[in-house]
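Heads up, the thing below is written out as structure tokens.
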Amino acid sequence: MKVVLPDSSELELPEGATGLDAAEAIGPRLAEQAVLVRSNGRVMDLRASLEDGQQIQILTTRDTDDPDALYVLRHSASHLLAEAVRRLYPGTKIAIGPPVENGFYYDFEFPEPIGEDALERIEEEIRRELAEGRSWNREEVSAEEAKRYFAEQGEDYKVELVDTAEGPITFYTQGEFTDLCRGPHLQDSKPIKAVKLTGLAGAYWRGDEHNTQLTRIYGTAFFSQDDLDAYLHRLDEAKRRDHRRLGTELDLFHLSDHAPGMPFWHPKGMVIWNELEDLRRRENVARGYLEVKTPLLYDVDTWVTSGHWEKFRENMFLVPYGEDRTLGLKPMNCPGHMLLFGSALRSYRDLPVRYAEASTLHRNERAGTLHGLLRVQHVTQDDAHMFVTPDQIEEEIFGCLDYATYLYDLFGVEARFELSTRPENKLGTDEEWDFTEGALRSALERRGIEYTVNEGDGAFYGPKIDLHMTDVLGRSWQMGTIQLDSQMPARFGLTYMGEDNAEHTPYVI
RNA sequence: GCCGACGUAGCUCAGCUGGUAGAGCACUUCACUCGUAAUGAAGGGGUCCCCGGUUCGAGUCCGGGCGUCGGCUCCA
């Protein structure tokens with residue numbers, strides 16, 4: 001059989017040859033330094049068989065910046081971590097240990113809780129493993145065999161993983177440690193020149209807070225100590241530019257125990273704030289938005305009508321009112337704008353109506369979720385609601401997409417688009433959701449915007465297009481969101497008179 | 001809410017095994033008038049997050065709470 005190399009030349013190999021065989025055929029040095037095979041964007045273990053006519057690229061220890069090469073290096077490092085933990089903490093169960101942006105992690109269930117001081121000890125053990133050297137052995141096994149193996153070891157999580165595994169099941173063994181793993185992995189541990197454990201955190205099994213919480217150990221690994229040092233240096237640089245630090249240094253804002261998650265804006269900070277206000281007001285006018293101001297407090301009945309009471313009452317600030325009433329401080333503007341639209345008779349000739357309001361919203365967030373100015377309990381949001389007829393939906397969504405793109409471009413923020421679809425707890429029928437999701441999807445596609453689908457992540461009243469950014473630490477943050485709501489207008493009894501002299505319910509974006 | 005860590009002067013931080021708080025920067029005054037963070041001298045400034053406990057005595061130990069940070073979960 002033949003495989004095609006990156007320079008388009010062909011390499012003749014015996015049937016069933018592996019990537020490693022290919023590397024050896026090219027040269028002993030290449031085989032020595034080979035890390036993995038990449039074929040049409042997919043990464044493959046060096047020990048997996050190649051197919052006739054396959055295009056292959058062999059990555060080596062010299063591809064120190066290649067994301068795939070680092071991915072494999074770190075994946076193998078995570079197995080070293082698991083081996084070390086199992087040796088130091090007998091009785092620990094292992095869960096999963098994938099590479100991630102900038103590093104890797106492994107989830108464990110320790111018999112006794114561990115603290116951060118344990119990391120040093122574990123790191124030392126990993127260094128000992130590296131000094132000894134480890135090589136990885138890849139082996140395909142049957143599901144029954146795999147389950148039996150892990151059941152004997154008391155590895156409940158692995159047993160569960162085998163049950164839900166797709167495709168062939170492979171074991172990777174290094175030293176005394178065997179793990180269920182799809183790979184690929186390094187041949188041996190020589191290329192791992194620098195490992196650092198960076199953190200300890202709780203993480204739920206399978207990402208579900210109803211499951212047991214495991215202990216996640218984060219780490220990172222590189223092909224050289226210099227690369228690790230450079231990475232740590234970048235983290236320091238990022239810290240210097242952290243908005244929380246700049247807020248203090250430049251005297252822009254501060255946070256205080258007196259009002260958790262509710263920033264105090266200083267005179268210099270307000271200069272920036274007002275510039276942003278001017279920008280949004282100017283652009284809103286240019287784009288046909290009508291500025292409005294609606295109340296901060298509403299009778300709880302209003303929140304019951306909107307559906308927020310049922311879903312978010314725990315996260316609302318409440319204020320007693322009179323003998324037996326309670327007001328809720330608004331966590332968003334929708335009901336205010338609904339009530340405003342419903343306060344008079346509307347004609348199809350008035351639509352689209354675009355209400356804009358930069359109101360301050362309050363959300364009583366779960367403890368442990370706040371983060372500087374990026375996740376607060378008191379946020380001023382440039383918010384708008386468009387009341388439209390069905391055939392105005394697309395044009396309005398185009399307008400929102402263009403507006404958002406314009407603003408983020410202005411600040412050099414690179415936005416990623418995500419389409420968030422119907423959640424489990426939703427209002428309305430599947431037919432309504434088919435329509436609203438379809439409208440957002442087609443708007444994105446007709447605008448030629450690349451997006452990913454975030455299944456089940458929509459709001460309870462409608463799907464949304466979320467714009468995300470990634471910070472220097474690789475964390476994702478949601479920015480603006482474009483939502484298509486087919487529920488709230490009906491719940492608030494909103495109508496407009498159509499050309500046919502009949503009442504219709506508007507859609508809201 | 002959960003796991004881990006932290007909470008000392010305006011800011012950044014030190015304070016070992018418990019004995020009534022320290023530094024640098026900033027601030028004030030004086031001297032120097034010296035050209036772009038960083039001259040000298042003197043000085044002011046702290047309920048050591050809060051509450052409770054142990055102790056003759058707690059910033060330091062223990063318990064609870066609040067807040068902040070790294071994550072998980074959540075995010076209308």
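Every chain is numbered from 1, with letters handed out A, B, ... down the list of sequences.
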Seminar exercise, completed: Re B:C34: Watson-Crick or G-U wobble partner, both distances kept under 3.5 Å, found to be none

Exercise. What is the distance from NZ of A:Lys239 to P of B:U12, rounded to the nearest Å?
Worked result: 13 Å

Exercise. Expressed in whole Å, how much space separates the C1' atoms belonging to B:C69 and B:G63?
Worked result: 23 Å

Problem set entry | For B:C16, the Watson-Crick or wobble partner whose two distances fall under 3.5 Å | none

Exercise. Is a side-chain donor-acceptor pair under 3.5 Å present for A:Tyr461 with A:Thr436?
Worked result: no

For this session: Examine distances only and state if a side-chain atom of A:Thr470 and a backbone atom of A:Ser476 form a donor-acceptor pair shorter than 3.5 Å.
Result: no

Problem set entry | Whole-Å C1' distance, B:G44 and B:U29 | 10 Å

Exercise. Just wondering, more than 12 heavy atoms not from A:Asp391 lying within 6.0 Å of its CG?
Worked result: yes

Problem set entry | Integer-rounded Å distance: B:G70 P and A:Tyr105 OH | 19 Å

Problem set entry | Any donor-acceptor N or O pair under 3.5 Å, side chains A:Tyr289, A:Asp382 | no

Problem set entry | Integer-rounded Å distance: B:G67 P and A:Phe264 CZ | 14 Å

For this session: Calculate the interatomic distance between A:Arg245 atom CZ and B:G70 atom P; express it in whole Å.
Result: 14 Å

Problem set entry | Rounded distance in Å between the C1' positions of B:G7 and B:C34 | 41 Å

Exercise. Are A:Tyr451 and A:Glu445 close enough that a side-chain donor and a side-chain acceptor fall under 3.5 Å?
Worked result: yes

Exercise. Salt bridge check: are A:Asp208 and A:Arg206 linked by an N-O gap of less than 4.0 Å?
Worked result: no

Exercise. If you look at every strand shown and take non-hydrogen atoms under 4.0 Å, does A:Leu255 touch a base, only sugar-phosphate, or nothing?
Worked result: nothing

For this session: Please measure how far the P atom in B:C48 lies from the corresponding atom in B:C11, and state the result in whole Å.
Result: 16 Å

Seminar exercise, completed: Whether each nucleotide of nucleotides 71-76 of chain B has a protein heavy atom under 4.0 Å at its base (B), only at its sugar-phosphate (S) or at neither (-) is summarised, 5' to 3', as BBBBBB

Would you tabulate the nitrogen or oxygen pairs shorter than 3.5 Å linking the protein to nucleotides 14-17 of chain B?
none

Problem set entry | Pair listing, salt bridge (charged side-chain N to carboxylate O under 4.0 Å, His left out) test, anchored in residues 428-444 of chain A, at least two apart | A:Arg422-A:Asp430, A:Arg422-A:Asp434, A:Arg422-A:Glu437, A:Lys426-A:Asp430

Exercise. How far, in whole Å, is B:C25 from B:G64 if one measures between their P atoms?
Worked result: 41 Å

Exercise. side-chain hydrogen bond (donor to acceptor under 3.5 Å, both in side chains) between A:Thr369 and A:Arg363: does it pass, once the steps are laid out?
Worked result: CA-CA 12 Å; A:Thr369 56; A:Arg363 297 178 179 184; over 6 Å; no

Exercise. Between B:C11, B:U68, B:G67, which one does the side chain of A:Leu370 approach most closely?
Worked result: B:U68

Exercise. side-chain hydrogen bond (donor to acceptor under 3.5 Å, both in side chains) with A:Asp242: which of A:Arg244, A:Lys239, A:Arg240, A:Arg245?
Worked result: A:Arg244

Exercise. Whom does B:G44 pair with, Watson-Crick or G-U wobble, provided both distances fall under 3.5 Å?
Worked result: none

Problem set entry | Rounded P spacing from B:G10 to B:C49 in Å | 13 Å

Problem set entry | Nucleotide forming a Watson-Crick or wobble pair with B:G24, both distances under 3.5 Å | B:C11

For this session: Provide the distance between the two C1' atoms, one in B:A38 and one in B:C27, to the nearest whole Å.
Result: 16 Å

For this session: If B:C69 has a Watson-Crick or G-U wobble mate with both distances under 3.5 Å, name it; if not, just say none.
Result: B:G4

For this session: Round to a whole Å and report the spacing from CG of A:Asp236 to P of B:G70.
Result: 15 Å

Problem set entry | N or O in side chain of A:Arg244 less than 4.0 angstrom from B:G70 OP1/OP2 | yes

For this session: Rounded to whole angstrom, note down the C1' distance from B:G43 over to B:C6.
Result: 33 Å

Problem set entry | Distance in angstrom units between A:Tyr106 OH and B:G4 P, rounded | 21 Å

Exercise. Between the side chains of A:Tyr406 and A:Glu283, does any donor sit under 3.5 Å from an acceptor?
Worked result: yes

Problem set entry | Residue pair A:Ser224 / A:Asp226, side-chain donor-acceptor N/O under 3.5 Å | no

Problem set entry | Nearest-Å distance for atom pair NE2/P, residues A:His258 and B:U68 | 12 Å

Exercise. So what does A:Gly261 hit on the nucleic acid, given a heavy-atom distance under 4.0 Å: a base, only sugar-phosphate, or nothing?
Worked result: sugar-phosphate

For this session: Take atom CG of A:Leu119 and atom C1' of B:G70, then tell me their distance rounded to the nearest Å.
Result: 12 Å

